[in-house]
Amino acid sequence: MSSLATMPSIEAAAGAKPLLSARHLTKVFHTGGQEFRAVDDVSLSVGHGKVLGIVGESGSGKSTVARMVMRLIEPTSGTVMFDGDDLTAKTGEALRRMRRNMQIVFQNPHSALNPRDTIGDAIAEPFLVQTRVRGSELDRKVEELLDIVSLPKTFKYRYPHELSGGQKQRVCIARAVALEPRLLVLDEPTSALDVSVQAQIIMFLQDLRARLNLTYLFISHNLAVVRHLCDDVVVMNKGAVVESGPTEAVFKSPRNAYTRQLIESVPRIPRPAS
Amino acid sequence: MTALLNIENYRLDIPTFDGVLKVLDGIDIKLDQGDTLGIVGESGCGKTVLARSILGIGPRNAKRVSGQIVFDATALDELSEAEWRRIRGVKISMIFQDPMTYLNPLLTIGRQLSDVVVAHHRAQGMQVPAKAERLARCGQLLEQVQIADTQRVLKSYPHQLSGGMRQRILIAMALAGEPKLLIADEPTTALDVTIQAQILKLLRDLVDRLGLTVVMISHDVGAIAALSRRVAVMYAGTVVEQGEAESILTRPRHPYTRGLLAALPDIEGATHPLEAIPGTIPNLITPPTGCRFHPRCPRATAICRQQKPETRSIGADHVVACHHAFD
Amino acid sequence: MSAELQSTAVHVPGFRERHASTIRQWRLYAHLFTSSFSSMLGLGLVLLFLILAVFGPMLAPYPEDTMGAVKLGQRLLPPSLEHPFGTDEMGADILSRVIVGARTSLWIGLVITGLGAGIGVPLGIIAGYKGGFIRAAIMRVTDLFLAVPGLALALAIVAALGPGITNCVIALAIVWWPGYVRLVEAKTLSIKEELHVEAARALGAKTPWILRKHILPNCMTPIVVKASMDMGMAILSAASLGFIGLGAKPPHPEWGAMISVARTYMPDWWWYSAFPGLAIFLTVLGFNLLGDGLRDILDPRSRGR
């Protein structure tokens, strides 16, 4: 399995200087004296302005990779480079400053917003913890961000429980892009949403990427969504990368048996002839 | 031939603190013995309330405003709790989204399965079989859901088994009373895609082998398409389109069905541009007048705001409720 | 022109509109609370107690009796129209002393609960959020305190500090905080797993910010419920210390101390102990019912459907 870890195809696609690259990421959890390798020697890279998808089933370690990239959990070994900087070496204030450049959107928008904060508070939070923007300027920024994610300005007075799943996910995206990051890690951002809302969010994410010049690391178990959205794809199984490459190539002619099984398992829907 | 399940003009209200939720607004569904129906819709469309009402386990304070559910020539809404016990789990069984919630973590699978077998014998007034016979029956049920090493599984606790295995066991329990109708409420939603494919195949086999009638509820059009011969599309407490799956998926007539299908990214690649349905699902305390889909509908006109569209037949087995259905 | 004006005119929502959900939420709480008899009884008893505590000296028929007036001519009179609760061995009106005693009890309850929560909540949040060695240290000390019977420990502390109402309150506060540590630590452990906490960390929020903005506000429900019930328990504990002579000293009108003196006059002069006892009973009952009622409306899981 580790023979695939260097992944020449992704390297080539990402060009000489990727925005984000992870080298030999490994995470070992110890539970009850037993070792569990949640992520085993995973390497990947995302070029500027590209979308890299990580697909896998539950327990494949894809979300753990996302959290290690974000330094929300510490890798057991391996490095994460962001625009030439070694993220894994940063601590304290330096790490805190780096966080402005990369943000994450989680799967479950219901739990990703503090139930005691209004939407306005939630969107103001990035400015309050990272900048000196306050008062009427902060108010203006919040309204601007609501506008970017196509929500009415009056939503700033609302509480999360009054919003639908799709609206909450828009608020989470507004928070994530507030500080103008360069990389957005999207951890199953549409999995908790209805199909029609999922389409809204996917189209919105595509549009947002073009407008704000963003790079995406998109984690999902939904192969159709990944195929629709991603330039390159990494397939994970049981903590390791089993196949990677340009999305079309992987989906059209998967080389790995597991990838093939994964793609074949998706039920096909008879389509209207257009 | 009379239908095994016949839901007629079924209307259900649920009173809440904020007002009365008009959850089901005149549902008409017919299903023959041995047939499979997929009810597809997004959250809040009322599909789960409908499924649970068929089994008499709907919201406790729900009020039936009109209509009835007739199963096997019995009007279910008139049944007493004692009569329900001879139907629920016996003639009509149900499997759920999250199998773990429905298994007792402290008891072995064998114990739980044999409890179900005993309960069925009691419910039908038969003598409870001896232990060896019960075990044999449990093994037989597990074989029916294609579990190979039955002895090991019977001795296992729920947490020792995978999600797919647990769903198989729930299906085995549902089959213990040899039901005529199986209701599957999002049976594959919590499962990984490879396991999902296995469970769908198992259900397909059971339909073919046992002549089981299945009502499957899901938001996943793919899962519905894999199992169901017929499809009912629900939106905001109404059935907007119903008929043969092939016909509905390849020639959707209702704007909502069309929007729903266009919103699905295709695993086969970008054969069509992704489209989203604008807006959000309506509040069912004050649902839109006329057609409940009209505020989000690209084809809506004045009549859609004023008048609820009649359900009309537009093919051999294809009905649609829309003033401006596609041709 | 007018169309242009209209499009630039921003709709500024009024107070009701902006806070529609909060208003709805409070109306729902009020509806649930008022439809429960026991909650309303608790609220009524607590309100009565608070009124007596605030306006006590003005309401007492014989205010001078609460400050140690001696009227030997009317010792130990049974309840009558003049003295509805009777009189004590000094001839003081018991009703007046019970009414004025409410203020002492309120003060005792507030200070003990406040100090207990003030020490316990921060420790609990830190223990739950930090984990590791800090958590182990805080929780083991907490366990140590919880392992010793609270009242017995308070007794020992008062004995060391010397009797008196202030020392009694200090002693009870010292044994009171561990309960809050336990409660808040458990709640923090579950809240810190929620995504909004992880999202705040990803934003680069510092730990104090996360504790103040994300953890504490979401812990408030169980804290408020426990504090409400603890008001009653603290008053009862202080009365117990008063009863064994370690709390307030006569002639200070404190319910526990009154019963302590009254017990030597049992059973013939029953009213002397019965009415202060009834006051303690109703106050503790009131706070407990109120706490139960609050828990029922604030925590949907405990709500009977």
Side-chain angles (χ1 to χ4, degrees), chain A residues 66-67 69-73 92-122 124-131 143 152-163 168 171-172 175-176 178-179 181 185 187 192, chain C residues 7-29 125 129 131-132 184 187-224 298-301:
Chain A
R67 282 173 168 74
V69 165
M70 287 298 298
R71 278 289 299 273
L72 287 171
I73 54 178
E93 199 54 29
L95 176 67
R96 224 174 70 79
R97 273 200 303 276
M98 271 308 284
R99 292 198 181 280
R100 297 185 64 152
N101 294 319
M102 44 200 301
Q103 275 304 311
I104 184 163
V105 175
F106 294 103
Q107 166 174 6
N108 189 345
H110 312 292
S111 147
L113 293 172
N114 186 348
R116 303 270 165 175
D117 277 355
T118 62
I119 300 307
D121 294 337
E125 190 173 25
F127 297 104
L128 294 175
V129 303
Q130 285 278 6
T131 71
E143 290 185 358
K153 288 184 175 61
T154 50
F155 265 45
K156 67 180 174 186
Y157 304 114
R158 303 262 192 115
Y159 283 89
H161 66 89
E162 298 172 78
L163 272 58
K168 273 185 260 196
V171 173
C172 292
R175 269 164 63 90
L179 300 171
V185 176
D187 187 5
Chain C
S7 69
T8 49
V10 181
H11 172 66
V12 180
F15 179 85
R16 282 187 74 87
E17 212 173 323
R18 271 184 287 137
H19 298 280
S21 77
T22 318
I23 293 168
R24 179 204 169 270
Q25 190 77 40
W26 282 100
R27 278 186 49 220
L28 175 63
Y29 285 163
I125 287 186
Y129 189 77
V184 172
K187 188 77 187 158
T188 304
L189 281 178
S190 73
I191 294 170
K192 80 168 178 180
E193 297 302 324
E194 281 178 22
L195 285 178
H196 63 88
V197 175
E198 204 169 3
R201 280 176 55 213
L203 282 174
K206 292 171 182 164
T207 304
W209 172 276
I210 292 175
L211 298 186
R212 205 173 69 239
K213 291 280 185 178
H214 290 267
I215 309 275
L216 183 62
N218 288 295
C219 283
M220 283 316 286
T221 301
I223 294 175
V224 166
L298 295 177
D299 180 5
R301 268 163 306 182

Which one of C:A202, C:A205, C:P217 has the most heavy-atom pairs closer than 4.5 Å to chain A?
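The residue among C:A202, C:A205, C:P217 with the greatest pair count is C:A202.
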
Given the options C:R24, C:M220, C:E198, which has more heavy-atom pairs under 4.5 Å with chain A than any of the others?
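Option with the greatest count: C:E198.
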
Looking only at non-hydrogen atoms, find the nearest pair between A:A112 and C:A199 and report the distance.
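Of all heavy-atom pairs spanning A:A112 and C:A199, the closest is O-CB, 4.4 Å.
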
Please name the pair of heavy atoms, one in A:P115 and one in C:N218, separated by the smallest distance, quoted to 0.1 Å.
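Of all heavy-atom pairs spanning A:P115 and C:N218, the closest is CG-OD1, 3.4 Å.
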
For chain C, the option from [options] that forms the most heavy-atom pairs under 4.5 Å:
{"options": "A:A122, A:P181, A:P126", "answer": "A:P126"}
{"options": "A:R158, A:M70, A:Q130", "answer": "A:Q130"}
{"options": "A:D117, A:L128, A:L179", "answer": "A:L128"}
{"options": "A:Q107, A:E162, A:K156, A:H110", "answer": "A:E162"}

Could you check whether any side-chain heavy atom of C:L203 comes within less than 4.5 Å of a side-chain heavy atom of A:R99, counting everything from C-beta outward?
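Counting from C-beta outward, C:L203 and A:R99 never come under 4.5 Å.
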
Decide yes or no for A:R71 and C:R201: does some side-chain heavy atom of the first lie under 4.5 Å from some side-chain heavy atom of the second?
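SC-SC contact between A:R71 and C:R201 ruled out.
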
Verify, without hydrogens or angle tests, whether [X] (side chain) and [Y] (backbone) share a donor-acceptor contact under 3.5 angstrom.
{"X": "A:N114", "Y": "C:K213", "answer": "yes"}
{"X": "A:R96", "Y": "C:G204", "answer": "yes"}
{"X": "A:S111", "Y": "C:E194", "answer": "no"}

Below 4.5 Å from any heavy atom of chain C, which atoms of [X] appear? Answer side chain, backbone, both or neither.
{"X": "A:H161", "answer": "side chain"}
{"X": "A:E93", "answer": "side chain"}
{"X": "A:I104", "answer": "side chain"}
{"X": "A:R67", "answer": "side chain"}

Spacing of CZ belonging to A:R116 relative to OG1 belonging to C:T221, to within rounding of 0.5 Å
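So the gap between those two atoms works out to 4.5 Å.
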
Would you kindly say whether C:H214 and A:E125 are connected by a side-chain donor-acceptor distance under 3.5 Å?
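Yes, side-chain donor-acceptor contact under 3.5 Å.
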
